[in-house]
Each structure stands twice: as C-alpha cells, then as structure tokens.
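Below: the structure, in structure tokens.
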Amino acid sequence: MKYIAVTGGVVSGLGKGVTISSMGRMLQASGVKVTAIKIDPYLNVDAGTMSPFEHGEVFVLADGGESDLDLGNYERFLGITLTSDHNITTGKVYRKVILAERKGDYLGKTVQVVPHITDCIQDWIERVAQIPVDPSGQVAEVCLIEVGGTVGDIESSVFLEALRQFQFRVGFESFCLCFVSLVPVLSDEQKTKPTQHGVRDLRSLGLSPQVIFCRSTEPLLDATKQKISLFCHVPASNVLSVHDVSNVYFVPSLLKSQNLHMILQEELQFGRSLIPGLTS
Ligand code: ADP
C-alpha cells in the first residue's frame, strides 16, 4: 500500500478536497486502484451534530455515517463507496483511546497523546486503507489522506505528528506528502510568501512536502514556480499550478498536463509506468 497525504496552508477552503480527488482520478486513469481517508481535526465524533450554517451540509455515507462533504467529492470523482471509518475525527480517535483505557487495555501505563493517540491514528489509517471500496472487492494500491484544517493549527498538530511517524512506519518510498497553498496576486504579481511560510511551518513539524499545489486565479508563471522551488526545497517540476477552472472536473487533466503521474511514479517508486488514459 502506498500513501499520499495532502495538507494545506494559508487559508481553509483552498481546494484540498478537489485536488486530492483529482489526483485519485488521474491515478485511476493510469490503472491504479485508490481509496481515500478524510481527517477532520475537530472534537465532534462526526459532522452530524454540527450546524450546516457553520460547517456546510453533512454528507451521509452508505453505512449511515454522517461526514464532511469532501467524502462526497471522493465518492463522485472516484466512483467508490466509503464507510464512516474513512472519516477520522479527533473525537473518534480520543473516544477509542479513552474507551480502551477504561477497559484496562493500558493498565499500568500513563496514557499520552504521544504515543497512544498518534499510534491509534496510524493503526486506523493502515486498517481503513485495506477496506475494499469499489465493486471489484479488491484492496486499493494507493490510499489518499486529506488532513483538514491548515498547517499550524493546534487542532491538526497531533495528526501531522502521526503522519511524521507514519513515514517511518511505512517507508519513505511508500509515502508522498503534498501541500496545497494559495498564491495571491497583488499589483499584478504572484506572491509566494504565504507558500514559503506554510512550508516553513510544515518543516518545523518535521514534514517536508514533495509536491506543492498552488491555488491561484491564473496559471502559475515559470518565475513563480522557480521561486517556490528555491525557498521550499522542492524541484520546480514538483510545483504545480491548480488555477481556477470553470468546472472542477477539469482539474484531473490539468494535473496530468503538468506530469503529476510521472512525479508520483518517481516519488512513490511505482514499479511500472503511470500513463493516464485521460483525454480531457
Ligand atoms: P478544502 O477541501 O480545501 O476545504 P474544497 O476542495 O472543498 O476545499 O474546495 C473549496 C471550493 O473551491 C469548492 O467550491 C471547489 O469547487 C472550489 N475549487 C477547488 N479547486 C478549484 C479550481 N481549480 N477551480 C475552481 N474552483 C475550485
């Protein structure tokens, strides 16, 4: 199993869900089976008790699980059926660890965020990644993981620490970290500083992105890519433009046109070539 984790910086609602779904769609077009996990760093056990005015509508999964709308994006883009376990929240993780503590599973031990909560998150990801999600009943080859919120939030830090440890658990050749950032335009200039700061925050947590997706109104200029590459420690070819498009279903081919399949092939050391059969 290979894992692609996506985090985001600067602001929420950047398009992490659309980007990760599109990445999955592009991988499927290359013959790779994918599954997806959404991490929501809030203490609610699920989205069912949250106001739709505050959180947006709830997406109801086939097993009755009430989750974030992103899971609906994954299901529609990827043609898969997810379960409530594919939506990991802080509430679910803490509930599991505290119930185990009450049962006496950790008797004699001090139960702590590290390692008990972080281990629980990693075990959860590994277990859920093995659940078949398409009609073939086969286990996926790649698990996409979206970490909600933005890097630097207190709420998401425990999940980022779990992912930092997870790279060592599964091996660096099986883990690719992506960062979605905002490139605003001021006085006709594409500004890279928010991306630089976001990546710096991520690196201070021990995580280094291998691919950076830049959300902007217009396509990213070559000079902007070069600058992000220089300051964020990634090759310019791994800085991708995810500019505004008229329909989000165009994003998979936008990523393909920037050779994301070749980047993932190299970063995740796929033993075969990934050439998507996408035409538009
Ligand atoms: P996040 O997961 O970061 O909260 P979403 O994936 O839900 O963000 O996207 C937020 C909004 O941005 C959605 O309405 C989505 O349709 C829109 N969006 C995302 N990417 C693009 C794009 N490349 N072009 C136009 N709209 C986009």
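As the structure lists them, so they are numbered: ligands from 1, and atoms in each ligand from 1.
Salt-bridge formation is not detected for the pair Asp46/Lys92: no Lys NZ or Arg NE/NH1/NH2 atom is positioned less than 4.0 Å from an Asp or Glu carboxylate oxygen.
Side-chain N or O atoms of Asn247 include one that pairs as donor or acceptor with a backbone N or O of Tyr249 at under 3.5 Å. Side chain of Lys16 to backbone of Gly149: a donor-acceptor contact under 3.5 angstrom is found. For Thr89 (side chain) and Val45 (main-chain N/O), a donor-acceptor pair under 3.5 Å exists by modelled atom type.
Taking a heavy-atom cut-off of under 4.0 Å, ligand 1 is surrounded by Gly13, Leu14, Gly15, Lys16, Gly17, Val18, Asp70, Glu146, Arg215, Val242, His243, Asp244, Val245, Val248, Val251.
For the pair Lys2 and Phe270, the distance from NZ or CZ to the six-membered ring centre is under 6.0 Å and the angle to the ring normal is within 45 degrees.
For Lys227, the NZ atom counts as loosely surrounded, since its 6.0 Å shell holds 12 or fewer non-hydrogen atoms of other residues, nucleotides or ligands.
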